[in-house]
Novice: 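To start, I am sharing the structure in question, which I have written as structure tokens.
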Amino acid sequence: MTSYKDLYFYLFGALANAVEHLEKGDTLLACDCLITAQQNAEEACMDLDILPEQ
């Protein structure tokens, strides 16, 4: 992921997937989907390095 826009779309997609799992009654899969997305987004955010160093 190269921008915050990419992160937004990635997280929104993960949220949509989690909602689908919840609608099917798969609570554990929904939680796993959200946790994985959060971890991946945090890692990608740290790799973006868009702020100038001070």
Side-chain angles (χ1 to χ4, degrees):
M1 288 176 250
T2 58
S3 69
Y4 283 111
K5 183 178 179 181
D6 293 337
L7 286 171
Y8 170 82
F9 285 120
Y10 171 72
L11 289 171
F12 189 85
L15 178 61
N17 291 338
V19 168
E20 287 180 17
H21 289 305
L22 288 172
E23 289 174 341
K24 295 177 186 176
D26 295 329
T27 307
L28 293 178
L29 286 175
C31 288
D32 185 53
C33 182
L34 293 173
I35 290 168
T36 300
Q38 178 191 13
Q39 291 170 343
N40 291 340
E42 285 176 350
E43 185 175 320
C45 188
M46 297 301 290
D47 291 342
L48 278 176
D49 194 28
I50 62 169
L51 297 175
E53 292 185 26
Q54 294 183 13

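If you read the sequence from its start, that first residue is 1, and numbering goes on from there.
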Novice: Looking only at non-hydrogen atoms, find the nearest pair between Asn40 and Tyr10 and report the distance.
Specialist: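 Between these two residues, the closest heavy atoms are ND2-OH, 2.9 Å.
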Novice: Of all residues at least two apart in sequence or in a different chain, which pass the side-chain contact (heavy atoms from CB on, under 4.5 Å) check with Lys24?
Specialist: Asp26
Novice: Once side-chain hydrogen bond (donor to acceptor under 3.5 Å, both in side chains) is applied, do any residues pair with Glu42, and if so which ones, sequence neighbours excluded?
Specialist: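 For Glu42, the residues satisfying side-chain hydrogen bond (donor to acceptor under 3.5 Å, both in side chains) (neighbours in sequence not counted) are Gln38.
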Novice: Once rounded to the nearest 0.5 Å, what's the spacing between atom CG of Leu22 and atom CG of Leu15?
Specialist: 9.5 Å
Novice: Between Leu11 and Ala37, what is the shortest heavy-atom contact and its length?
Specialist: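 Distance-wise, the nearest heavy atoms are CD2-O, 3.7 Å.
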Novice: Return the minimal non-hydrogen interatomic distance between Cys33 and Ala18, and the atom names on each side.
Specialist: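 Looks like SG-N, 4.1 Å.
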Novice: List, by chain and then residue number, the residues other than Leu29 in its hydrophobic cluster (Ile/Leu/Val/Met/Phe/Trp/Tyr, side-chain heavy atoms under 4.5 Å); write none if there are no others.
Specialist: none
